[in-house]
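These numbers come from a predicted model, not from an experiment. Below, each value reflects all heavy atoms present in this structure, side chains not excepted, and no hydrogens, waters or symmetry copies. Naming: A, B, ... by sequence-line order, numbering from 1 per chain.
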2 protein chains.
Amino acid sequence: MLSRREQDTYSFICHYIAEYRQGPLLEEIATGLGIKSKGVVHRYVQSLAKSGVIELMPGRHRGIQLAGEGNHDDSAPVLPLLGRIAAGAPIEAIPDQQEINLADFFIAPGRFVLKVQGESMIDAGILPDDMVVVESCMTARNGEIVVALVDQQEATLKRFKNNQDGTVTLIPENSNMQPMVFDAHRVHIQGVLVGQMRSYC
Amino acid sequence: MLSRREQDTYSFICHYIAEYRQGPLLEEIATGLGIKSKGVVHRYVQSLAKSGVIELMPGRHRGIQLAGEGNHDDSAPVLPLLGRIAAGAPIEAIPDQQEINLADFFIAPGRFVLKVQGESMIDAGILPDDMVVVESCMTARNGEIVVALVDQQEATLKRFKNNQDGTVTLIPENSNMQPMVFDAHRVHIQGVLVGQMRSYC
DNA sequence: AATATAGAGAACTTTTAGAGAACTTTCAAG
DNA sequence: CTTGAAAGTTCTCTAAAAGTTCTCTATATT
């Protein structure tokens, strides 16, 4: 199990190699992570090597490689992205075959999924039985769609607006329903909507 | 076997790991359970380890793992499914922690993704810039949403209806647009819609 | 009364994180 | 091939954060 800074280090190395096609210098990692001592970085890199996620060529400049590339790659959740489809036009092919990775699309720590019941967000394209991906957080910006807990008991999915006067408005995206105004202290935000998905099977 | 608070502790740990993909701190558990002393939490955690439902890496920060998941696949595209959300009701928790696997959800051979342009399916909850997952096939059943090629040049996303008289109807789900009837031989189905997803970032 | 559960909190140890100096090795320019 | 700057390695030191080990209290149950 990697510590927080070890994960940061590994992430930096992965991005660096993806971009520059070679291992980073210890000092580049240090700069990238906001660390001043390359000795510290060296310790993290050794630890990553010990846990097997990178391989080292000891002593060599830029002697960091990712371990086992293509190791569990075949299971990557990817689908080909063929292009755009618009009514009345041929499918507009996207040059050089792109892939979309579902993991990149939706997955991150602190996210979870809820299944939607009811039609309160139907005008925002969120239908009953859709899955919504929510990222845990306690604040939201105006216009974001949030999971909010009212009076510690009612949880709802609504568009959020802070009225800057001690009240907030929760707006259902359904022309048959009315926006609701609450004292801010009655509303606790549990997360903001970051994704939505639906299966037709 | 487990006392009430030990069960609470175990439940919190399970949910935390599902959401954040790492063990919680003792103090995070304490806050989550409304306990002020991390020493108390430590006692519960030790007890859980002794009864075998979790595994500890003694001394380590965040050194709590669920038993039997020592070599869990970190790269699996999964998100925790916490429950259902309906306007006006608390989140209805789903008993025993479920996970949804994005790969199972969408990925299969013969599927591809298209990015939607235009508003022709807006009443079906498919908005511009949504991604739609399409399964290649040449026939469709009534009511399915299809990618159809008209006169070998126009590709559209519409709901499909076979009129059983040598014609088919392509129905846009948009109250401002009209269904269109074509001779069946002018319409070639390229695939049927099996999924849809949207990112709000 | 004895025991199990539940919690507060202090004291202590270990892990994690970082700074920086001294040293050795690599590598490219001359 | 030499050589010196650049890069990697190995230390020691510090501090904050997190885990561990206690003792003490309280309440409910047998």
Does B/His42 make a side-chain N or O approach to OP1 or OP2 of D/dT20 shorter than 4.0 Å? yes
For B/Cys14, enumerate each residue passing the side chain to side chain contact (heavy atoms under 4.5 Å, CB included) test, keeping only those at least two apart in sequence or located in another chain. B/Tyr10, B/Leu66
Does anything in residues 170-184 of chain A pair up under salt bridge (charged side-chain N to carboxylate O under 4.0 Å, His left out), and if so which pairs, sequence neighbours excluded? A/Arg159-A/Glu173
Minimum-distance pair of heavy atoms, taken over all atoms of A/Ile85 and B/Ala155: CG1-O, 4.0 Å
Residue pairs involving residues 107-123 of chain A (criterion salt bridge (charged side-chain N to carboxylate O under 4.0 Å, His left out); sequence neighbours excluded): A/Arg111-A/Glu135
What's the angle between the local helix axes at either end of the helix from C/dA1-D/dT30 to C/dG30-D/dC1, using five pairs per end and rounding to 10 degrees? 30°
Give me each pair satisfying salt bridge (charged side-chain N to carboxylate O under 4.0 Å, His left out) with a member in residues 41-58 of chain A, each pair once, sequence neighbours excluded. none
Could you list the protein-to-nucleotides 25-28 of chain C atom pairs, N/O on both sides, closer than 3.5 Å?
none

Less than 3.5 Å apart, which donor and acceptor atoms pair up between the side chains of residues 30-40 of chain B and the rest of the protein, not counting sequence neighbours?
unit_1  : atom_1 : unit_2  : atom_2 : d
B/Thr31 : OG1    : B/Glu27 : O      : 2.9
B/Ser37 : OG     : B/Gly39 : N      : 3.2
B/Ser37 : OG     : B/Val40 : N      : 3.4

Is there, by distance only and without an angle test, a donor paired with an acceptor across the side chain of A/Lys38 and the base of D/dG8 below 3.5 Å? yes
With B/Thr167, which residues qualify under side chain to side chain donor-acceptor pair (under 3.5 Å), at least two apart? B/Asn163, B/Asp165
Could you write out each protein N or O paired with an N or O of nucleotides 3-7 of chain C at a distance under 3.5 Å?
unit_1 : atom_1 : unit_2  : atom_2 : d
C/dA6  : OP1    : B/Arg5  : N      : 3.3
C/dA6  : OP2    : B/Ser3  : OG     : 2.5
C/dG7  : OP1    : B/Arg5  : NE     : 3.1
C/dG7  : OP1    : B/Arg5  : NH2    : 3.2
C/dG7  : OP2    : B/Arg5  : NE     : 3.1
C/dG7  : OP2    : B/Tyr44 : OH     : 2.9
C/dG7  : N7     : B/Arg43 : NH2    : 3.0
C/dG7  : O6     : B/Arg43 : NH2    : 3.1

Integer-rounded Å distance: C/dT15 P and B/Glu27 CD: 18 Å
Check salt bridge (Lys or Arg N to Asp or Glu O under 4.0 Å) between B/Arg60 and all other residues, then give those that pass, not counting sequence neighbours. none
All side chain to side chain contact (heavy atoms under 4.5 Å, CB included) counterparts of A/Arg62, not counting sequence neighbours: A/Tyr16, A/Gln22, A/Leu25, A/Glu28
Go through the structure and list residues passing ring pair (Phe, Tyr, Trp, His ring centres under 6.0 Å) with B/Phe160, not counting sequence neighbours. none
